[in-house]
Amino acid sequence: MHPNSVDLTQNAGVTRSGSSLMLDGERWTASGGNVYWLGLDENVIPPAASYPTFGRITEIMNTLQIMGARALRGHTLGISVGNPLSVMPTLGVVNEQAFDTIDWVIYEAGKHGLRIFAPLIDNYDYYHGGKFTFLRWAGFNLTGSDSTNPETIIDDFKNYIKVILTRTNQFTGLTYAEDPTIFAYETGNELGGPNFGDMWVPNEWTEQISSYIKELAPNKLVIDGTYGVNATHLSIPTIDIFSDHFYPPNIAQLEIDISLIQSVHKVYIAGEYDWTGNNPSASPLPEFFSSIEASPVVGGDYFWSLFMHDVPDCMIYVNHTDGETLQYGNPENTVQNNTQISEIRQHLFRMQGQNVSSYLPPVPCPGS
């Protein structure tokens with residue numbers, strides 16, 4: 001389970017040509033699921049964090065492959081600050097142990113033919129850290145006036161980005177910047193200003209961070225991490241992909257986003273969506289998927305969010321408390337759960353140009 005090395009240097013990298021993602025000279029789509037906990041988990045030993053077992057990670061890759069995914073989005077593969085188990089538990093200190101699971105995720109994804117993208121900072125103050133972590137490290141007063149130099153905070157963040165992108169994977173021998181398995185980095189997750197959904201992310205910051213990612217990793221695509229499509233960012237040359245999240249799925253908003261991105265000849269992804277069908281105002285998944293599949297601008301979409309067994313215990317499914325947990329193959333799934341999961345699987349295969357039935361093939365648990 002611990003190979004010394006694997007040659008991934010022959011793997012082709014994903015590129016962008018106008019509004020299309022490209023692989024080996026052909027248009028390529030990157031649809032799949034969010035698996036936010038792959039680098040550091042909060043669910044098995046709550047409220048503390050823990051590193052996922054390698055078996056849990058392998059089962060996720062098997063599941064995504066069976067579901068027809070080509071890619072995954074993983075918050076804790078890029079955001080890992082301020083927790084004792086983080087890559088950077090305190091400012092400037094690197095915890096090498098935290099890279100073990102991230103290295104394994106990247107290795108396993110490559111072995112399963114999957115690609116990865118990861119946000120680099122979070123808008124929120126969760127267990128894996130985010131923008132508030134850097135503000136606290138800089139001595140910023142979160143409750144009152146402050147004279148902290150914002151350039152210092154940006155420099156601290158850039159130093160963290162460098163730690164991530166220059167990491168050499170113990171299983172592949174490649175830096176994260178070099179490894180084509182990671183096709184993109186996202187400037188952040190659901191970034192915005194003081195009012196939810198305001199999309200207030202300064203152009204200067206977005207350009208500075210995206211340019212720095214390109215400087216360290218010239219072959220990586222960069223995704224604007226603003227929550228929604230900020231029209232003032234459309235002209236930033238170092239942004240390749242724009243994104244929005246859908247709670248619930250909303251075809252009208254999807255079409256507005258697509259039109260904006262099409263006008264500047266870049267790529268669009270639906271980075272998260274509620275798959276459950278529990279919200280009565282949601283656009284039905286088949287209709288939402290049809291709009292995605294019909295657009296040459298959409299490079300992919302990602303359901304929120306995938307959990308499987310607590311491997312090596314193959315009797316227990318890990319649960320998350322947000323009501324959006326997708327557990328493929330769980331015998332306790334409702335008919336509606338499995339219908340929605342089947343719609344997702346058929347959609348993911350259609351994004352690959354294949355048609356499959358509504359049947360949900362089993363995924364073996366690697367701990368059994």
Side-chain angles (χ1 to χ4, degrees), residues 12-32 70-71 73 115-120 177 180 182-192 197 199-246 249-273 283 287-302 347-348 350-353:
V14 176
T15 60
R16 178 178 68 87
S17 176
S19 292
S20 295
L21 298 178
M22 305 294 291
L23 183 64
D24 288 330
E26 298 182 356
R27 182 174 183 264
W28 181 81
T29 54
S31 291
R70 279 179 166 170
R73 178 175 182 258
R115 304 288 174 137
I116 291 169
F117 81 89
L120 289 165
I182 308 165
F183 78 92
Y185 279 102
E186 190 173 12
T187 58
N189 174 59
E190 297 189 348
L191 298 179
M199 295 191 285
W200 190 83
V201 183
N203 289 33
E204 296 81 3
W205 183 90
T206 300
E207 187 158 9
Q208 188 173 353
I209 297 305
S210 59
S211 296
Y212 189 63
I213 295 169
K214 294 280 191 181
E215 178 185 331
L216 295 175
N219 295 323
K220 291 285 182 276
L221 301 176
V222 179
I223 303 169
D224 184 1
T226 305
Y227 196 165
V229 178
N230 184 332
T232 68
H233 291 183
L234 294 176
S235 61
I236 297 175
T238 44
I239 294 294
D240 298 288
I241 302 171
F242 291 87
S243 172
D244 204 351
H245 296 174
F246 292 89
N250 182 329
I251 291 175
Q253 185 59 54
L254 175 69
E255 296 292 348
I256 290 169
D257 288 350
I258 290 172
S259 180
L260 273 173
I261 305 311
Q262 193 164 24
S263 70
V264 293
H265 308 291
K266 294 195 176 182
V267 175
Y268 177 79
I269 60 171
E272 297 180 15
Y273 64 86
S283 300
E287 296 175 21
F288 188 69
F289 291 156
S290 290
S291 291
I292 288 171
E293 293 162 17
S295 173
V297 176
V298 180
D301 58 285
Y302 298 79
H347 161 66
L348 292 176
R350 286 195 300 270
M351 291 293 282
Q352 297 190 42

Legend entry - Which residues share a side-chain hydrogen bond (donor to acceptor under 3.5 Å, both in side chains) with Asn203, sequence neighbours left out: Thr232, His233
Inset, instruction - Mind checking side chain to side chain contact (heavy atoms under 4.5 Å, CB included) for Ser211 and listing every partner two or more places apart, or none if nothing turns up? - result: Glu207, Thr238
Inset, instruction - Report the distance from atom OG1 of Thr15 to atom CH2 of Trp28, rounding to the nearest 0.5 Å. - result: 10.5 Å
Legend entry - Contacts of type ring pair (Phe, Tyr, Trp, His ring centres under 6.0 Å), residue Phe288, not counting sequence neighbours: Phe246, Tyr273
Inset, instruction - Could you list all the salt bridge (Lys or Arg N to Asp or Glu O under 4.0 Å) pairs where at least one residue sits in residues 232-241, not counting sequence neighbours? - result: Arg16-Asp240, Lys214-Asp240
Legend entry - Side chain Lys220, main chain Ile182, donor-acceptor under 3.5 Å: yes
Legend entry - side-chain hydrogen bond (donor to acceptor under 3.5 Å, both in side chains) involving Tyr302 - partner list, sequence neighbours excluded: none
Inset, instruction - With sequence neighbours excluded, tell me which residues meet side-chain hydrogen bond (donor to acceptor under 3.5 Å, both in side chains) with Lys266. - result: none
Inset, instruction - Return the set of residues passing side chain to side chain contact (heavy atoms under 4.5 Å, CB included) with Leu234 (not counting sequence neighbours), or none when no residue passes. - result: Val229, Ala231, Phe242, Leu260, Ile261, Val264
Inset, instruction - Give a yes or no answer on whether the side chain of Ser19 reaches the backbone of Gln262 with a donor-acceptor pair at less than 3.5 Å. - result: no
Inset, instruction - For His265, check ring pair (Phe, Tyr, Trp, His ring centres under 6.0 Å) against everything at least two apart and list the hits. - result: none
Inset, instruction - Answer yes if the side chains of Ser31 and Asp301 hold a donor-acceptor pair under 3.5 Å, and no otherwise. - result: yes
Inset, instruction - Check whether any side-chain N or O of Ser295 sits under 3.5 Å from a backbone N or O of Val297 as a donor-acceptor pair, and report yes or no. - result: yes
Inset, instruction - Drop me the distance from Ile258's CD1 to Gln253's CD, to the nearest 0.5 angstrom. - result: 10.5 Å
Legend entry - Inter- and intrachain pairs under salt bridge (Lys or Arg N to Asp or Glu O under 4.0 Å), touching residues 17-26, at least two apart: none
Inset, instruction - To the nearest 0.5 Å, tell me how far Leu23 CG sits from Phe183 CZ. - result: 11.0 Å
Inset, instruction - State the CG-CH2 distance between Leu191 and Trp205, to the nearest 0.5 angstrom. - result: 5.0 Å
Legend entry - Side-chain (Ser210) to main-chain (Val222) donor-acceptor, under 3.5 angstrom: no
Inset, instruction - Go through the structure and list residues passing side-chain hydrogen bond (donor to acceptor under 3.5 Å, both in side chains) with Glu293, not counting sequence neighbours. - result: His347, Arg350
Legend entry - With sequence neighbours excluded, residues passing salt bridge (charged side-chain N to carboxylate O under 4.0 Å, His left out) with Arg70: none
Inset, instruction - Would you check, one step at a time, whether the test side-chain contact (heavy atoms from CB on, under 4.5 Å) holds for Leu120 with Thr187? - result: CA-CA 6 Å; Leu120 289 165; Thr187 58; over 6 Å; no
